[in-house]
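First up is the structure itself, then whatever we jot down about it.
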Amino acid sequence: MPSFLFYLFAAITLGFGLNVILARNPVTSALSLAVSFVGLAALFISLDAYFIGIIQILVYTGAVMVLFLFIIMLLDIQKEEAKRANTAAVIGGVVLAVVLTLQVAAVLGVFKEGAVTTEQRALSMEVASKREDVAQVKTIQKDLAAGTLPDAKLMGMTLFEQYGFHLQAIGLLLLVGTVGVVVLSKRESPGKPVV
Amino acid sequence: MSSLEIIIFIPFLAALAIWLGAPARLTAVVASTVNLLWVIVLAVRFPAFKSATDLAFVNKHVVLDNPAIAFAVGADGVSMIMALLTVLVTFAAIWQIVDKPSMYHISSLLISGGALGAFLCTDLFFIYAFHEVALIPTFLMIAIHGRAEKEQRLAVAWKTTIYLGAGSLVLLAGLVWAVIEFSGGGKLTFDLVALRAQAASSPLPAAAQAPLFFLLLVGFGTLVSLFPFHSWAAPAYATAPTPVAMLHSGVLKKFGLYGLFRIALPLLPSGAQVPWVQQALLLMLLGNILVVGLVTLHQKRLDDMLANSSVMHMGYLFLGLAAGTEIAVKGSMLLMFAHGVSIALLFAICGRMRNQLGTLEMAKLGGIGSHAPFLTVVFAFGAFASIGLPGLANFAGEVMIFMGAFANGNSSSTLIPAQGLTALHWTVILALWGVVISAVYMLRGYRAIFQGTPQTGLFMSDPASGQWLPLVLLAAVLLAVGCFPSLLLDLIQAPLVPGAIP
Amino acid sequence: MSVFNLEALLALLGLFVLLLEAFVPSVSSKALAGICMAGVAGVLVLLVTVAGGQDALPAFIGAYHQLDTLAIFYKAFALVITFLVLWLTLEAAPYLSKFTLDGKLGEMFSLPLFVCVGMMWMASAKDLVTVFVSLELVTVSFYVLVAYTRKSALALEAGVKYLILGALSTGVLVFGVAWVYGATGALSFEGITKAVQVGGVNKTALLFGVSFLLAGLGFKVAAVPFQMWVPDVYQGASTPTTVFLSVGSKAAGFAVLTRVIDALTVSGSMVRQEVITVLSIAGAVTVVVGSLPALFQTNVKRLLAYSSISHAGFLLLALAARDSVRVDLAPGGTVAFYLATYLPMTVLGFAALIQMRLNGRGEELDDFKGLAQKSPTLAFLITLAFASLAGLPLTAGFFGKMWVMLGLVDQQLWFALVCAIIGAAAGFYYYFRVILAMFTPEESTEPVRMGALARGVCVVLGCTIIVLGVYPKPLQMLLAKVPVAGKNATGH
Amino acid sequence: MITLNHYLFVSGALFALGLAGVVVRRNIIIIFMCLEMMLSAANLALVGFSRFRVTDGLPDYAAHSLVFFTITVAAAEVAVGLAVIVALYRTRQSVEVDTITRMQG
């Protein structure tokens with residue numbers, strides 16, 4: 001990936017991320033977050049994680065952020081009430097963020113293992129096509145042999161062969177989530193007589 | 001199941017029965033009577049049952065393997081004496097409860113059971129645990145049924161709780177330290193017999209014994225109201241309901257000394273003789289005898305005076321510990337018993353007077369002797385015993401302590417060593433003045449209350465015939481032990497102080 | 001029937017109850033609770049009977065799931081606490097149902113089953129992905145449970161607080177997992193153990209990740225500085241949920257923490273010293289920070305919340321002193337022992353609060369006045385529970401605290417030891433205040449009634465407290481066998 | 001050239017931004033958005049690490065799976081969370097943090 005594209009998308013991610021915090025209007029915040037997530041998705045794709053990148057856009061930008069917007073609109077929250085933000089909280093938040101960023105920078109300073117480029121750790125479809133686990137799934141092997149990265153297929157293989165148990169657990173979690181949403185947002189039925 | 005276990009559990013079972021609805025007075029009296037008789041029988045048969053380790057009626061249920069904790073019971077002479085004291089005072093305390101909520105009976109039984117457990121167990125964990133069990137009802141009774149305004153009695157209860165709670169924590173720390181120290185590097189054991197054996201076979205160097213001994217001294221000492229950790233005791237006894245005052249000052253408080261003599265001394269025989277520990281201890285016990293003694297002189301109310309005198313007399317017991325000679329330690333044992341009986345007797349009479357007269361201000365009282373001759377005689381027994389009159393139990397104990405302490409360090413037969421008087425000798429000399437002080441306040445109190453002209457409106461009669469029993473019993477014991485101290489001393493066969501001059 | 005099917009069985013039961021509740025409107029709370037409790041009890045019986053003679057797990061699950069003694073213990077623990085929570089919910093139903101929309105408690109019975117499933121998975125987790133997935137199942141269910149009694153303003157408030165801080169901890173946890181993975185290249189505990197032993201790992205990056213990982217888990221067990229949510233959430237949530245959070249969620253968190261700490265402090269580990277230091281400091285501070293505000297509390301539910309923080313501190317210290325050789329317990333065993341003693345006393349304490357509410361009394365200290373006159377049994381049981389929470393000898397609480405302190409002495413963590421003693425001493429004070437209030441006589445003599453079932457369960461819990469306090473040998477023997485990676489290799 | 005550290009820095013900075021938002025903002029919905037931001041930052045770190053841990057020519061898909069689960073969980077969390085927030089709004093007519101301070105002490 002060319003450097004300037006990385007910087008562009010990083011700037012989009014962080015810049016709009018910053019705007020989420022700065023914007024007075026919740027709608028602006030939500031839309032900024034959506035854009036920030038698109039930038040993030042681009043970064044995922046630049047890391048050859050196509051499937052994750054797409055999911056990020058589909059789930060986060062497409063569903064989660066829309067849900068946020070929907071709720072903001074539904075509740076008709078215009079902007080934060082007039083009173084100024086708590087100064088202590090602002091200072092605390094800024095200090096926390098700066099310290100954390102500096103700490104990350106410091107850690108990265110000694111994290112020599114991280115000073116590698118994608119080229120130095122290039123993926124090799126040819127080597128991959130000879131893997132044992134890949135050999136069992138013909139379509140993946142074919143794609144790899146053809147020199148393309150079948151990211152979604154590999155993802156599927158991993159999920160269903162290694163993480164089948166977790167997938168079901170997640171299913172249970174989604175069920176609980178659904179039940180929870182129903183429980184928490186149903187209204188008192190108007191026709192019901194008051195006892 | 002050993003007899004000792006049954007003796008320990010009888011009070012608890014009786015308390016449970018009362019809680020569940022059994023008639024309070026009947027159950028409590030029956031339980032305490034059974035216990036009293038049983039312990040007397042055991043004490044009589046004790047010499048025959050004694051094993052090589054000087055323990056009788058041993059039994060053991062393992063609770064944990066590592067660290068080794070067991071519900072182990074066993075009585076040696078000292079435990080036997082303490083058990084006798086406990087059942088005696090319990091019987092008297094429970095007998096004199098009249099027209100009170102069942103909580104009085106339950107608490108008394110719990111304190112009694114806890115004390116018996118603490119004296120008759122031979123496992124440090126259970127010794128400690130039973131003492132804690134006995135403390136809780138003490139606190140609750142002071143806070144709820146104490147004889148003062150609500151705020152005041154709550155304050156007293158909290159003060160007592162905090163002092164004794166902190167003391168117990170220090171004590172626990174000291175015990176755990178001892179367990180770690182004397183488990184011989186291997187698996188931890190709370191078995192006192194094993195710990196003693198280890199301490200005897202590979203004792204610590206004297207200098208290393210000192211800090212641990214001092215920690216235990218502070219922990220146990222707080223429980224016995226050792227100066228300067230004594231300030232909870234006097235208000236607590238003055239406030240506590242009569243049975244609780246009798247049981248705590250007479251019996252439970254002695255647990256601290258019992259612990260020092262049965263745990264600290266065998267494990268750390270030279271601990272008390274290390275100069276800095278001994279000097280600190282001497283200073284503290286002089287504080288008990290002289291400072292608290294002078295405070296006692298200034299008390300205006302009978303209950304305050306008795307409470308303070310109880311704190312003061314602890315000083316003599318610690319003198320026995322500081323001396324560390326066989327005779328002084330045995331004297332302390334005897335005095336523990338005698339003091340327990342005499343103070344219980346005095347508190348019982350004191351509570352009766354408060355109920356009838358409504359005040360205990362000595363300035364307002366007088367001439368009771370003419371109305372209540374029986375009470376006067378019994379009170380005189382207690383008061384004279386407390387002073388240390390020959391023929392009553394305390395005398396023998398005090399004399400043994402003074403002689404033993406004075407003889408310490410003398411291999412020659414002369415009483416006064418050639419190199420001059422040591423700190424211990426000076427302490428004994430000063431402590432003797434304590435006897436004078438206690439004679440002054442006791443006699444003054446006796447004269448103010450029982451002699452002179454009766455005040456108008458303050459009338460007191462002798463107790464009804466049913467209430468004589470506990471008072472007569474306690475007074476008789478004081479007389480019997482005073483005339484024949486060997487009754488108790490013969491129970492102690494093995495030397496109490498490891499390696500000391502007999 | 002293999003042990004790893006039990007969770008599936010329980011999840012199916014949960015589904016069944018959900019459907020039953022949705023399609024058969026006439027089914028009563030009692031029936032629902034009965035079905036759920038019977039199911040949980042059945043699974044517990046299956047667990048106990050099957051646990052002994054299990055075969056090796058099949059490969060598809062064996063890579064993520066283990067069934068050592070520790071796992072079985074925490075699974076059983078989860079089932080027991082779920083059973084008790086279901087009982088408490090049933091017990092509290094008369095007043096709880098006033099706070100729900102339709103006057104029913106339907107999901108209050110099925111959701112705990114899913115929580116239980118999550119906790120059982122956590123107990124067996126062998127890698128961080130499993131931990132994450134099951135942890136989130138538990139957390140999301142709790143979001144719903146905490147806010148379930150919607151008509152109570154406090155419950156919604158508590159729900160939002162728990163939500164925000166829960167989501168925050170999830171973010172922190174995943175960030176930590178990412179860095180641990182980045183530094184060691186492994187997501188499984190086994191892989192992490194190997195990586196920290198062999199070396200060639202960037203220590204700074206690993207510590208960075210570990211600190212976030214521990215912070216994320218620290219939230220779940222309410223360790224300082226992530227304890228802010230505890231008092232408000234505990235007070236606002238319905239009492240059965242509070243019990244579930246205080247005992248179940250905490251135990252599950254410690255089950256995972258035990259595994260994580262085992263992996264990180266294995267002998268020869270490059271971060272062993274740092275992790276132990278962090279744990280001991282966090283534990284020491286947690287004990288003190290939990291204890292001090294409790295001194296001034298007049299609301300007993302809030303007091304129990306603070307005390308629960310303090311207990312979390314003791315548990316962290318148990319982890320820090322985990323290599324103690326003084327007690328016959330495997331390194332993770334002290335924590336498990338402490339939790340096993342913590343369960344009956346906490347449940348009993350909260351059950352008493354429910355009984356108070358059922359009798360029209362509140363949760364303030366003043367509401368406890370005179371309880372000893374009106375219901376001696378209840379007062380006695382509360383005394384027992386609180387004495388045990390304070391750690392008085394002859395009750396269950398003593399040995400847990402004792403083992404922790406012995407361990408600290410053994411590891412020479414003196415600062416932590418001092419803090420633990422301060423916390424224990426403060427505990428005597430604030431628990432005793434409640435006991436004192438109960439025994440203070442009060443003029444009005446409205447009787448306090450307890451149902452037969454409540455009385456029975458409470459007495460059983462009380463007996464458990466005494467038995468564990470007087471005869472802890474069976475429990476200790478059970479936990480002495482907890483095999484832990486590197487136990488034999490632990491050098492001194 | 002763009003190295004792993006570049007990605008990690010972006011991840012760290014985004015995480016810090018989210019954290020700052022959680023502390024600074026008082027609108028619960030925006031706080032919730034910031035939490036999502038933190039979660040995504042963690043995902044970026046995971047994906048970055050997995051891309052650079054090439055074994056047999058492929059990135060580590062185990063970490064990808066974790067990211068997949070994280071996103072799913074986040075979605076469920078958002079759904080439940082927003083439901084709670086809406087329920088709160090119905091009773092309070094506000095989504096400000098300052099209004100949920102009934103319990104103190």
Side-chain angles (χ1 to χ4, degrees), chain C residues 127-129 132-133 135-137 139-141 143-144 146-147 150-183 185-188 205 208-209 212 231-236 293 296-299 302 306, chain D residues 4 8 11-12 14-15 18-19 22-23 28 31-32 34-50 52-53 55 60 62-63 65-70 72-74 76-85 87-92 95 97 99-105:
Chain C
D127 71 332
L128 290 169
V129 183
F132 174 77
V133 168
L135 189 66
E136 287 309 308
L137 176 58
T139 310
V140 171
S141 310
Y143 293 152
V144 185
V146 171
R150 271 167 66 193
K151 280 197 193 161
S152 151
L154 291 185
L156 272 183
E157 224 177 81
V160 170
K161 280 184 179 161
Y162 188 66
L163 172 74
I164 298 288
L165 290 159
L168 179 67
S169 81
T170 304
V172 171
L173 180 75
V174 178
F175 197 71
V177 170
W179 273 89
V180 169
Y181 164 72
L187 281 169
S188 66
F208 186 68
F212 277 89
D232 289 352
V233 173
Y234 279 22
Q235 191 187 351
F296 311 104
Q297 275 308 318
T298 54
N299 182 306
R302 240 178 132 73
Y306 279 111
Chain D
L4 171 58
L8 292 179
S11 149
L14 194 62
F15 191 84
L19 195 58
V22 172
V23 177
I28 294 170
I31 290 178
F32 210 44
C34 292
L35 291 169
E36 296 309 312
M37 212 151 92
M38 290 170 68
L39 211 51
S40 298
N43 282 347
L44 179 59
L46 266 177
V47 173
F49 280 126
S50 104
F52 285 85
R53 182 165 304 279
T55 40
D60 187 355
S65 307
L66 179 55
V67 174
F68 176 79
F69 294 136
T70 320
T72 324
V73 166
E77 215 169 53
V78 166
V80 176
L82 286 176
V84 176
I85 292 172
L88 181 76
Y89 183 82
R90 283 196 194 139
T91 59
R92 298 284 168 84
V95 287
V97 175
T99 59
I100 53 166
T101 49
R102 249 201 223 179
M103 292 175 284
Q104 293 291 347

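As a basis for the values below, the full set of heavy atoms in this structure was taken, side chains included, without hydrogen atoms, waters or symmetry mates. Per chain, numbering begins at 1; letters A, B, ... match sequence-line order.
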Who pairs with C:Phe212 by ring-ring contact (aromatic ring centres under 6.0 Å, His included), at least two apart in sequence or on another chain? C:Phe175, C:Phe208, D:Phe15
Looking at residues at least two apart in the chain, or sitting in another chain, which of them share a ring-ring contact (aromatic ring centres under 6.0 Å, His included) with D:Phe52? none
Do D:Glu77 and C:Tyr143 have side-chain heavy atoms sitting under 4.5 Å apart? yes
Are C:Tyr162 and D:Val84 packed together at the side-chain level, in the sense that at least one heavy-atom pair is separated by less than 4.5 angstrom? no
At a heavy-atom separation under 4.5 Å, does [X] approach chain D through its side chain, its backbone, both, or neither?
X	result
C:Leu187	side chain
C:Tyr181	both
C:Val174	both
C:Val172	both

[X] versus [Y], closest heavy-atom pair with distance:
X	Y	answer
D:Ala45	C:Ala178	CB-CB, 3.9 Å
C:Trp179	D:Leu8	CH2-CD1, 3.9 Å
C:Glu157	D:Leu88	N-CD1, 4.3 Å
D:Leu66	C:Phe132	CD1-CD2, 3.9 Å

Tell me, side chain or backbone of [X] under 4.5 Å from chain C's heavy atoms, or both, or neither?
X	answer
D:Ala76	neither
D:Leu44	neither
D:Thr72	neither

Between D:Leu46, D:Val67, D:Leu4, who has the most heavy-atom pairs with chain C when the cutoff is under 4.5 Å? D:Leu46
Of D:Leu39, D:Leu19, D:Leu35, the largest count of non-hydrogen pairs under 4.5 angstrom with chain C goes to D:Leu35
Within the distance-only criterion (no hydrogens, no angle test), does the side chain of D:Arg53 pair as donor or acceptor with the backbone N or O of C:Gly182 below 3.5 angstrom? yes
How far does CD1 of C:Ile164 sit from CD1 of D:Ile85, to the nearest 0.5 angstrom? 5.5 Å
Which one wins on heavy-atom pair count under 4.5 Å against chain D: C:Ala167, C:Gly159, C:Ala147? C:Ala167
Residue from C:Leu168, C:Val140, C:Thr139, C:Val146 scoring the most non-hydrogen pairs under 4.5 Å with chain D is C:Leu168
